[in-house]
Amino acid sequence: MFGASIGRAGQRIIDEMVRWLARGHINPNILTSVGVAINVASGLLFGLGWFFSAGIVLIVANLFDMLDGQVARLSGRVTSFGGFLDSSLDRLSDMVVFVGLMVFYARAIEHHSTLNVFLAGAGLMGSVMVSYASARAESLIPKCDVGFLRRPERVVLFIIGALSTVPGSNNYFAYRMPAVLWVLAIGSYWTFAHRMYHTWTEVNRAESTQAVASSDSGKPEVRPEPSLAHKAG
């Protein structure tokens, strides 16, 4: 009950912010750009080892990420370029956090860890492949957002890892960023594989339906010529 009340109060605050920004004719693309700039600052803080501060900054950055789309819809300023910009800068926002963690764990300091550098790098590649698989699949099927480790989940995991890092704490739940990196590294590839399988099944289903429809109509099925379009990007 208490958690639900907090959730409703938080949603009311966000709704009021969206209305205020829409009335102020704030361009949603500006909100997107401000959000990615704050994400870059978060990546720098991770690189410096200021994890707790980076987690707070990450929360603020993703508040902007929540607002831009809602402001665009409320103000009637939804555009194709705006969606493209938002999606592209989301990838950058993901990568700067991973790079910041790689820099931190690569430094010759107490927390130096080649394993954690590898896990952060693996997580970075996996997150890019998850996003690319979705974008490429949606040129073949209507929707491909399956999998448990999408961008919102990755952001939440980063925030948990960052806020659990409190200098001097002996709590069992402190310093959970290495565990978060394991989840990100493994979960990203699992989600990528899930999206590959989902796309394969959906494409096969669509082709089977098309083949049956063609045979029922008495017209030969026309198969498209092989293409190298999948090489793009």
Side-chain angles (χ1 to χ4, degrees), residues 18 28-29 31-33 35-36 39 61-62 64-98 119-158 180-233:
V18 169
N29 292 344
L31 297 176
T32 302
S33 301
V36 76
N39 266 299
N62 284 276
F64 279 87
D65 192 46
M66 292 168 55
L67 292 174
D68 57 2
Q70 295 184 50
V71 170
R73 286 187 290 272
L74 186 61
S75 61
R77 304 176 80 170
V78 177
T79 64
S80 297
F81 176 76
F84 166 77
L85 180 70
D86 185 44
S87 178
S88 300
L89 293 185
D90 278 351
R91 307 290 78 75
L92 178 60
S93 297
D94 271 353
M95 289 188 283
V96 294
V97 174
F98 277 115
L119 290 173
L124 187 155
M125 291 188 294
S127 69
V128 171
M129 291 310 300
V130 166
S131 301
Y132 178 78
S134 179
R136 188 66 185 90
E138 288 174 4
S139 67
L140 304 172
I141 60 177
K143 196 72 174 173
C144 183
D145 60 353
V146 298
F148 77 96
L149 199 56
R150 297 170 295 179
R151 184 167 188 269
E153 287 78 14
R154 291 197 298 270
V155 171
V156 169
L157 284 169
F158 278 133
V180 164
L181 292 177
W182 275 105
V183 175
L184 289 168
I186 296 172
S188 292
Y189 289 99
W190 182 270
T191 302
F192 171 61
H194 189 177
R195 292 189 176 186
M196 294 285 284
Y197 176 75
H198 174 76
T199 303
W200 176 68
T201 56
E202 290 298 309
V203 168
N204 283 344
R205 183 181 295 112
E207 289 179 347
S208 298
T209 303
Q210 184 181 8
V212 170
S214 297
S215 63
D216 288 345
S217 66
K219 295 180 180 179
E221 180 186 0
V222 178
R223 292 184 176 274
E225 291 295 323
S227 169
L228 294 179
H230 65 284
K231 295 292 185 182

What distance separates [X] [atom1] from [Y] [atom2], expressed to the nearest 0.5 Å?
X: R136; Y: I141; atom1: CZ; atom2: CD1; value: 11.0 Å
X: N39; Y: N62; atom1: CG; atom2: CG; value: 5.5 Å
X: L85; Y: S80; atom1: CG; atom2: OG; value: 12.5 Å
X: R73; Y: D68; atom1: CZ; atom2: CG; value: 8.5 Å
X: D86; Y: R91; atom1: CG; atom2: CZ; value: 8.5 Å
X: T209; Y: N204; atom1: OG1; atom2: CG; value: 10.5 Å

Discussion item. Tell me if a side-chain donor or acceptor on S134 pairs with a main-chain N or O of C144 at a distance below 3.5 Å.
Written reply: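 Here the side-chain-to-backbone pair exists.
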- Are the side chain of S139 and the backbone of A135 linked by a donor-acceptor contact shorter than 3.5 Å?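 Checking the backbone N and O of A135 against the side chain of S139, no donor-acceptor pair under 3.5 Å is found.
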Identify the heavy atoms of [X] and [Y] that sit nearest to each other, and give their distance.
X: A120; Y: F98; result: O-CD2, 3.3 Å
X: V36; Y: S93; result: CG2-OG, 3.3 Å
X: S188; Y: L149; result: N-CD2, 3.4 Å
X: D145; Y: K143; result: OD2-CE, 3.7 Å
X: F148; Y: E153; result: O-CG, 3.3 Å
X: L184; Y: F158; result: CD1-CE2, 3.5 Å

Can you check whether [X] reaches [Y] side chain to side chain, under 4.5 Å on heavy atoms?
X: N29; Y: F81; result: yes
X: D65; Y: R151; result: yes
X: R150; Y: R195; result: yes

Could you walk me through whether R154 and V97 pass side-chain contact (heavy atoms from CB on, under 4.5 Å), step by step? CA-CA 11 Å; R154 291 197 298 270; V97 174; over 6 Å; no
Counting only heavy atoms from other residues, nucleotides and ligands, does the tally under 6.0 Å from CZ of F84 exceed 12?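 No, because the 6.0 Å sphere around CZ of F84 holds 12 heavy atoms or fewer from other groups.
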